[in-house]
Amino acid sequence: MKKTQKFVLGALALSVSAVAFAQGSTFLTIGSGSTTGVYFPVATGMAKMINDSGAGLRANARSTGGSVFNMNALGTGELDIAIVQNDVAFYAYKGTGIQAFEGKANNKVRSLAVLYPEVLHVLARKDAKINSIADLRGKRVVIGDLGSGTEQTARQVLEAYGLKFDDLGQALRVSPAQGITLMQDKRADALFYTVGVGASAISQIAQTVDVKLVPVSGNQASALIKKYPFYVRYNIPAKSYKGVGATVPGVAVQATLVTTTALSEDTVYKAMKAIFSDEKGLKALHPSVSTNYSDAKAVKGLPAPLHPGAIKYWKEQGQNVR
């Protein structure tokens with residue numbers, strides 16, 4: 001959280017400073033993810049809701065590498081609020097589970113709300129003859145940006161099928177946008193992406209390449225959920241994307257809005273009220289939110305304690321929180 005309490009050189013900076021001075025000096029940066037995913041439009045929409053609320057707050061959304069980056073940036077104060085996978089937020093809070101967090105527990109992490117399920121999409125070119133996760137052995141596979149939640153999910157799902165990144169022909173750590181290009185150019189056989197159903201990146205690939213969604217199911221899905229309880233089963237509906245004619249069984253984690261104790265109770269309460277009191281506006285941000293969000297679900301499966309400002313807001317909404 002930054003206070004605009006001094007003059008800043010540059011016309012653009014002066015303009016931002018003037019707006020912040022006129023409407024409130026508390027400025028919030030919301031971390032999202034790739035511009036082709038769901039985090040970015042949701043975070044951008046939330047920032048606008050905060051800015052339009054007249055609550056004395058200003059906000060902007062920033063595209064980032066994803067959940068792991070966001071949790072580290074919350075720890076350094078580079079971000080004030082972020083959308084992240086609930087499993088990644090838990091690992092950061094506990095200082096375990098992911099190498100970047102080992103021995104670096106951030107007990108200042110606080111939850112605000114669960115937003116929607118983040119479904120693991122495993123998309124394969126039809127000409128690559130991949131029908132199961134086990135068939136990824138020796139293939140060229142996009143596993144997500146370095147430091148993304150997708151990379152972590154890919155590792156855990158492969159593990160459930162007895163595979164490691166070293167078993168792949170190539171483990172391609174690139175952004176979703178770069179992954180699209182690699183799939184289109186036949187330089188990648190498959191792509192992992194943990195994202196809300198309907199993400200533009202997946203739709204774009206499906207429109208330009210003959211692809212199939214690879215299921216995560218059976219004993220492997222059961223083992224995954226048992227070892228990593230943040231996962232839940234989730235069926236990707238038929239016709240969610242071009243060429244997907246039948247329901248595809250899979251797994252999902254939860255997209256969660258988080259912050260830290262660095263933000264005051266009053267600031268968080270005002271931001272929560274600006275975003276969540278307008279449920280119609282919130283659901284209009286993306287179909288993943290519209291289809292899945294509810295106040296009751298928003299306080300389930302939280303990866304860390306609720307922020308006091310969030311507790312105040314949710315209690316006013318009649319939710320049983322503490």
Side-chain angles (χ1 to χ4, degrees), residues 1-2 24 26-33 38-39 42-62 67 70-71 73-75 77-94 105-118 149 230 253-283 285-286 288-289 292-322:
M1 181 174 63
K2 300 178 180 66
T26 301
F27 192 87
L28 304 172
T29 298
I30 304 173
S32 61
V38 178
Y39 283 9
V42 172
T44 301
M46 287 181 170
K48 185 176 187 304
M49 293 172 84
I50 290 172
N51 292 336
D52 291 347
S53 69
L57 305 176
R58 300 296 297 171
N60 76 318
R62 176 181 164 188
S67 293
N70 288 352
M71 293 311 303
L74 283 171
E78 186 177 346
L79 297 175
D80 304 301
I81 298 173
I83 304 175
V84 300
Q85 292 179 197
N86 61 346
D87 57 331
V88 174
F90 176 81
Y91 294 140
Y93 176 63
K94 291 294 187 180
N106 184 354
N107 59 12
K108 296 181 179 180
V109 174
R110 293 294 181 268
S111 300
L112 299 179
V114 168
L115 302 174
Y116 58 86
E118 286 202 89
F230 287 103
V253 288
Q254 300 278 1
T256 308
L257 197 65
V258 298
T259 186
T260 71
T261 56
L263 290 188
S264 71
E265 178 178 339
D266 183 61
T267 295
V268 169
Y269 173 76
K270 287 177 178 177
M272 294 286 292
K273 193 169 184 178
I275 296 167
F276 295 99
S277 64
D278 180 7
E279 187 169 330
K280 183 178 179 181
L282 177 64
K283 288 189 171 184
L285 298 182
H286 194 275
S288 288
V289 183
N292 298 286
Y293 177 82
S294 73
D295 285 358
K297 292 179 182 177
V299 295
K300 305 294 184 184
L302 296 167
L306 279 166
H307 191 285
I311 291 174
K312 179 181 178 182
Y313 176 78
W314 290 125
K315 281 186 174 179
E316 286 183 359
Q317 309 313 306
Q319 299 301 317
N320 183 19
V321 297
R322 58 185 178 85

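- Residues that satisfy the side chain to side chain contact (heavy atoms under 4.5 Å, CB included) test with P308, not counting sequence neighbours, are E265.
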Worked check of side-chain contact (heavy atoms from CB on, under 4.5 Å) between L115 and M46: CA-CA 12 Å; L115 302 174; M46 287 181 170; 3.8 Å; yes
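- Side-chain contact between V258 and N70: absent, with no pair of heavy atoms (C-beta onward) separated by less than 4.5 Å.
- Closest non-hydrogen pair, A304 versus S111, comes out as O-OG, 2.7 Å.
- At a threshold of 4.5 Å between non-hydrogen side-chain atoms, the residues K270 and T26 do not count as touching.
- To the nearest 0.5 Å, atoms CE (M49) and CG (L57) are separated by 13.5 Å.
- At distances below 3.5 Å, at least one donor-acceptor pair connects side-chain atoms of N86 with backbone N or O atoms of Q254.
- Under the 4.5 Å side-chain criterion, counting only non-hydrogen atoms from C-beta, V268 is in contact with L112.
- Residues passing the ring-ring contact (aromatic ring centres under 6.0 Å, His included) test with F90, sequence neighbours excluded: F230.
- Heavy-atom neighbours of K94 NZ from other residues, nucleotides or ligands within 6.0 Å: at or below the threshold of 12.
- Between S67 and Q85, the closest heavy-atom pair is OG-N, 2.9 Å.
- Annotation for V38 and Y116: closest pair CG1-OH, 3.2 Å, computed over non-hydrogen atoms.
- From I81, atom CD1 reaches atom OG1 of T260 across 9.5 Å, with rounding to the nearest 0.5 Å.
- In this structure, R58 CZ and T29 OG1 are separated by 12.0 Å, a value rounded to the nearest 0.5 Å.
- Rounding to the nearest 0.5 Å places OH of Y269 at 8.0 Å from OH of Y313.
- A 4.5 Å side-chain heavy-atom check between V253 and E118 finds at least one atom pair inside the cut-off.
- With contacts defined as side-chain heavy-atom distances shorter than 4.5 Å, the pair V88/M71 qualifies.
- Here the closest heavy-atom approach between residue V321 and residue W314 is recorded as CG2-CB, 3.9 Å.
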Which pairs would a plain distance check flag for residues 273-281, meaning a side-chain donor or acceptor within less than 3.5 Å of a matching protein atom at least two apart in sequence or in another chain?
from	atom 1	to	atom 2	distance (Å)
S277	OG	K273	O	2.4
D278	OD1	G281	N	2.9
E279	OE2	K283	NZ	3.3

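- Across all non-hydrogen atoms, the minimal contact from H286 to S288 is ND1-N, 3.0 Å.
- For the atom pair N60 CG and L28 CG, the distance stands at 9.0 Å (nearest 0.5 Å).
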Intermediate values then yes/no, side-chain contact (heavy atoms from CB on, under 4.5 Å), I30 and I50: CA-CA 11 Å; I30 304 173; I50 290 172; 4.2 Å; yes
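- When all heavy atoms of N51 and A59 are compared, the pair lying nearest together is OD1-N, 2.7 Å.
- Put simply, the side chain of S32 gets close to the backbone of R62: a donor and an acceptor are under 3.5 Å apart.
- Here the CZ atom belonging to R110 is positioned 12.0 Å from the CG atom belonging to L302, to the nearest 0.5 angstrom.
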